[in-house]
Amino acid sequence: MPAQLKPSLLLLLMTLALAAPANASGLDAGKNASGLGVAYAGAAAVADNASVLRYNPAGLTLLEGTLFSPVATGRRHRYSFNDRESAGLAGDESGQAGQRQTLPHAYLAWPISDAWSLGLGIYSPYSLDPGYNDNWLGRNQFVRTEFDSLNFNPAIAYRVSDRLSLGFGLDYRKIRLKVAQEGARDSDSAWGWDAGAILTLSPSMRLGLAYQSGMKYCSPALPSAFPGVNDYGRFRTPGVLSFSVWQQISENWEAMGDFSYARWRSMDEYDRDSWRLSWGAAYAWNNHWKTRFGLAYDRSPITDSQRLALLPNSHRLWFSLGAQYRFGKASALDFGYAYQWAKKPRLDYDSGGPRLRGDYNTNGHILGIQYSQGF
């Protein structure tokens, strides 16, 4: 691999390997449609279908009966490069990049007694497949890299009392990396865990606390010269702590909020931590229809000095809308949409000769559909 690619891959892998709901640099593929409609506000406290195990396994005890929730999410991110006095490079000054992807997810939850519940989630946490036009001036500073992941998440939950539920889950995650120009491939798998608690303050208010552990990966292609990577190419990602609240305000209105935090500064590659703040609300029109909306702010761990053409993301705002149609007590169809906007990320990359300098216009769209069936 070319020398300038190696730090790019290290930064990319370590950022992607973080288990969202904390900021994943805009690469989160979306995990369900019901949460997408409120920008995932209250994710660790809202327990209305089997996908709750993705955010807080304790929520499994709040579900009634056996539930199955298949989900399909599609996303499109676009990056438009604006040259700002790059040097030593030739080609088209306006690089256009982006990706369009559709990803499946599935969740199953079932009670085994009045107090115990089990769950299983299979989903793709994040993916990446960007590309620029062939004549872009930064084509020699950028190597097209494809990245995908698949996670298996079995979980168990216990209802301690009418007010308190606890949950625990295991995560087995497979990641795969392909560097298109070099024909190089790399893959690895890792184990992690997640745990959570839900406190029911009243029938109309719940608090959720959840933690997702970091994971240890090994990529032999990564040199040990980089901080955090040992002689065998091993490195560890930080965990994510989330706090959520859900409240039934009136017969028709419910509101939810969420704060998630990951301490990236514990790793030498990052100058700051990431966090995510979201708020959402839902309105039930009748026994069948419910509409949702939400806002969120993602603070990225990537600073201007660390930004690469491979991953030109920064802080993001989310604007979300959603709807649910309930066929009956045991089945429902959810739709969700989110628009992501970032304030012109800047890029200034010097490979020891040519200098790629500019900024981006960037936005993203995520669309999800989900069916929940009870048995």
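- Within the structure, no pair that satisfies the salt bridge (charged side-chain N to carboxylate O under 4.0 Å, His left out) test touches residues 202-211, not counting sequence neighbours.
- Considering CG of N361 and NZ of K344, their distance stands at 4.5 Å, rounded to 0.5 Å.
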I would like to know whether L150 and I122 meet side chain to side chain contact (heavy atoms under 4.5 Å, CB included); could you show each step before the answer? CA-CA 7 Å; L150 182 64; I122 303 174; 4.2 Å; yes

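- Considering only heavy atoms from C-beta on, Y172 stays 4.5 Å or farther from P154 through its side chain.
- The backbone N or O of R75 lies less than 3.5 Å from no partner atom in the side chain of H365, so there is not a single donor-acceptor pair.
- Outside the 6.0 Å centre-distance limit, the rings of F68 and W110 are not counted as a close aromatic pair.
- Atom CG of L277 sits about 10.0 Å away from atom OH of Y297, to the nearest 0.5 Å.
- Contact annotation: the side chain of S117 never approaches that of L63 to less than 4.5 Å [non-hydrogen atoms, C-beta and beyond].
- In this structure, F293 has its ring center under 6.0 Å from that of W279.
- Cluster annotation: Y211 and L170 are assigned to the same hydrophobic cluster (Ile/Leu/Val/Met/Phe/Trp/Tyr, side-chain heavy-atom contacts under 4.5 Å, transitive).
- Nearest heavy-atom pair across L67 and A50 is O-CB, 3.8 Å.
- Between Y40 and N32, some side-chain heavy-atom pair lies under the 4.5 Å cut-off.
- With 3.5 Å as the limit, one finds no donor-acceptor pair spanning the side chains of N49 and S372.
- Residues V160 and Y158 form a side-chain contact, since some pair of their non-hydrogen atoms from C-beta on lies under 4.5 Å apart.
- In the displayed structure, K343 atom NZ is contacted under 6.0 Å by at most 12 heavy atoms of other residues, nucleotides or ligands.
- The CH2 atom of W289 sits 12.5 Å away from the CZ atom of R326 when rounded to the nearest 0.5 Å.
- Note: Y337 OH to I366 CD1 = 9.5 Å, rounded to the nearest 0.5 Å.
- Taking each heavy atom of W253 and Q248 in turn, the nearest pair found is O-NE2, 3.1 Å.
- Across all non-hydrogen atoms, the minimal contact from M215 to W191 is CG-O, 4.0 Å.
- Note: Y325 and F327 meet the aromatic proximity criterion, with ring centroids under 6.0 Å apart.
- Side chains of N363 and R78: a donor-acceptor N/O pair is absent below 3.5 angstrom, by distance only.
- The two atoms that bring D273 and A262 nearest to each other are CB-O, 3.3 Å, heavy atoms only.
- Summarising the local packing, CZ of R163 is surrounded by 12 or fewer heavy atoms from other residues, nucleotides or ligands at distances under 6.0 Å.
- Q324 is not listed as a side-chain neighbour of Q370, based on a closest heavy-atom distance of 4.5 Å or more.
- Tracing side-chain contacts under 4.5 Å through hydrophobic residues (I, L, V, M, F, W, Y), one reaches Y283 starting from L321; they form part of the same cluster.
- The main-chain N or O of T61 is found under 3.5 Å from a side-chain atom of R159 such that the two form a donor-acceptor pair.
- In the hydrophobic cluster analysis, where Ile, Leu, Val, Met, Phe, Trp and Tyr join through side-chain heavy atoms closer than 4.5 angstrom, L166 is grouped together with W116.
- Between D359 and R346, no side-chain nitrogen of the basic residue sits less than 4.0 Å from a carboxylate oxygen of the acidic one, so the salt-bridge criterion is not met.
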May I have the step-by-step check of side chain to side chain contact (heavy atoms under 4.5 Å, CB included) for L60 and I156, ending in yes or no? CA-CA 8 Å; L60 293 169; I156 187 169; over 6 Å; no

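- You'll find the side chain of R355 stays beyond 4.5 Å of the side chain of S86, heavy atoms only.
- For D48, the side-chain contact (heavy atoms from CB on, under 4.5 Å) partners are S34, V46, R292, not counting sequence neighbours.
- Heavy-atom contacts from other residues, nucleotides or ligands closer than 6.0 Å to CG of N287 number 12 or fewer.
- There is no path of hydrophobic side-chain contacts, each under 4.5 Å, that joins Y339 to F335.
- The shortest non-hydrogen separation linking L103 to S124 is CD1-OG, 4.0 Å.
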Residues W318, L36; criterion side chain to side chain contact (heavy atoms under 4.5 Å, CB included); working and verdict: CA-CA 10 Å; W318 290 53; L36 182 62; 4.0 Å; yes

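- Put simply, the side chain of R54 does not reach to within 4.5 Å of the side chain of N151, judged on heavy atoms.
- For the pair L108 and L53, the tightest heavy-atom approach, listed with the atom from each and the gap, is O-CD2, 3.9 Å.
- With values rounded to the nearest 0.5 angstrom, R299 atom CZ is found 5.5 Å from H315 atom NE2.
- A chain of hydrophobic side-chain contacts below 4.5 Å, direct or via other Ile, Leu, Val, Met, Phe, Trp or Tyr residues, connects V52 to Y123.
- Contact annotation: the side chain of L209 approaches that of L241 to within less than 4.5 Å [non-hydrogen atoms, C-beta and beyond].
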Step by step, work out the side chain to side chain contact (heavy atoms under 4.5 Å, CB included) result for D258 and S260. CA-CA 7 Å; D258 185 87; S260 299; 3.0 Å; yes

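- Note: N82 CG to R357 CZ = 12.5 Å, rounded to the nearest 0.5 Å.
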